[in-house]
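Numbering of residues begins at 1 and proceeds along the displayed sequence. Fair warning: this is a prediction, and the values are worked out from it, not measured in the lab.
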Amino acid sequence: VQLVEGGGGLVQPGESLTLTCIASGSIGTSDMGWYRQAPGKQREFVARIDSNLRADHSESVKVRFTIARNDAQNTINLNMHSLKPDDRALYYCHHAYRDNWGEGTQVTVSS
C-alpha cells in the first residue's frame with residue numbers, strides 16, 4: 001500500500017491546516033499514524049488511530065490536532081488548529097501493519 005500525503009503549506013501562527021493521506025489500497029484494520037520531523041531533529045509521533053476509531057495524540061499537539069480516518073475512502077486526515085512555529089516539520093503518514101511511510105508533506109508556520 002502506497003501512501004501519499006498532501007495539504008501542507010505555509011501558514012501564520014494561529015491558523016489551521018488539514019493534512020490528508022491517501023492510500024493506494026485498503027488500509028484494512030491497521031493502525032494509521034502521523035509523524036513529523038523538524039529540521040535537525042528526529043522523527044516524532046504525532047497521532048495514531050486504530051480501526052475502532054480510538055485515537056491517541058502526543059502531548060504537544062493534544063487539543064490542537066485531531067486525527068481521523070475514512071476506511072471507505074482509504075484516507076487519514078490530520079486536522080491542525082492553532083498552529084505554532086514549533087509545528088514546522090515534514091509530516092509523514094504511516095501504515096503500522098505494513099510499516100509503510102509516505103514521502104511527507106511540508107508544514108511551515110511563520111509570520
Side-chain angles (χ1 to χ4, degrees):
V1 175
Q2 291 185 326
L3 305 173
V4 178
E5 303 95 336
L10 171 62
V11 296
Q12 294 189 347
E15 293 188 338
S16 301
L17 274 177
T18 295
L19 306 184
T20 298
C21 172
I22 301 175
S24 62
S26 172
I27 58 178
T29 58
S30 175
D31 288 6
M32 299 297 300
W34 283 98
Y35 290 73
R36 67 186 181 185
Q37 187 167 15
K41 295 186 177 181
Q42 291 189 337
R43 191 173 299 187
E44 65 173 5
F45 166 76
V46 175
R48 177 191 302 114
I49 187 166
D50 69 14
S51 58
N52 292 312
L53 305 183
R54 290 174 299 202
D56 183 27
H57 299 79
S58 70
E59 287 299 320
S60 63
V61 307
K62 198 171 286 187
V63 175
R64 299 186 299 121
F65 292 10
T66 303
I67 190 171
R69 68 188 281 163
N70 184 322
D71 288 356
Q73 296 183 350
N74 295 313
T75 58
I76 303 91
N77 284 356
L78 184 68
N79 299 300
M80 307 186 295
H81 302 288
S82 302
L83 284 160
K84 305 175 182 179
D86 285 350
D87 295 318
R88 176 195 177 202
L90 193 59
Y91 284 72
Y92 296 93
C93 182
H94 183 237
H95 187 290
Y97 182 76
R98 295 180 181 274
D99 196 22
N100 281 1
W101 297 88
E103 295 189 354
T105 185
Q106 179 68 43
V107 172
T108 301
V109 185
S110 175
S111 56

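Interatomic distance, NZ of Lys62 versus CG of Asp56, reported as 6.5 Å (0.5 Å rounding). Distance OG/Ser51 to CZ/Arg69: 6.0 Å, rounded to 0.5 Å. Put simply, OG1 on Thr20 and CG on Asn77 are 4.0 Å apart, with the number rounded to the nearest 0.5 Å.
Under a 3.5 Å cut-off, the side chain of Thr105 and the backbone N or O of Gly8 do form a donor-acceptor pair. With hydrogens and angles disregarded, a donor-acceptor distance shorter than 3.5 Å links the side chain of Asp50 to the backbone of Asn52. When atom types are taken as modelled, the side chain of Gln42 and the backbone of Gln37 share no donor-acceptor pair closer than 3.5 angstrom.
Other residues, nucleotides and ligands contribute more than 12 heavy atoms inside 6.0 Å of the CD atom of Gln106. The number of heavy atoms from other shown groups lying within 6.0 Å of CD (Gln2) does not exceed 12.
Hydrophobic cluster membership of Val11, counting Ile, Leu, Val, Met, Phe, Trp and Tyr whose side-chain heavy atoms lie under 4.5 Å apart directly or via other members: Val1, Leu3, Leu17, Leu19, Ile27, Met32, Trp34, Val46, Ile49, Leu53, Val61, Phe65, Ile67, Ile76, Leu78, Met80, Leu83, Tyr91, Val107, Val109. Counting Ile, Leu, Val, Met, Phe, Trp and Tyr side chains that sit under 4.5 Å apart, directly or through other members, Val63 stands alone, with no cluster partners.
For Thr75 and Asn70, the side-chain atoms include no donor-acceptor pair closer than 3.5 Å. Using a 3.5 Å distance cut-off with no hydrogens or angles, the side chains of Asp99 and His94 do pair a donor with an acceptor.
Considering only residues two or more places apart in sequence or on other chains, Arg88 meets the salt bridge (Lys or Arg N to Asp or Glu O under 4.0 Å) condition with none of them. Not counting sequence neighbours, Gln73 has no partner by the side chain to side chain donor-acceptor pair (under 3.5 Å) test. Listed by chain and number, the residues in a side chain to side chain contact (heavy atoms under 4.5 Å, CB included) with Ser82 are Arg64 (sequence neighbours excluded).
For residues 39-58, the ring-ring contact (aromatic ring centres under 6.0 Å, His included) pairs, not counting sequence neighbours, are Tyr35-Phe45.
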| task | Output, in order, the C-alpha distance, side-chain angles, deciding distance and verdict of side chain to side chain donor-acceptor pair (under 3.5 Å) for Ser110 and Thr108. | result | CA-CA 6 Å; Ser110 175; Thr108 301; over 6 Å; no
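Both tests pass for Arg43 against the ring of Tyr92: distance under 6.0 Å to the centre and angle within 45° of the axis.
Taking each heavy atom of Ser30 and Ala96 in turn, the nearest pair found is OG-N, 3.3 Å. When all heavy atoms of Ser16 and His81 are compared, the closest pair comes out as OG-ND1, 2.9 Å.
At a threshold of 4.5 Å between non-hydrogen side-chain atoms, the residues Arg36 and Ser60 count as touching.
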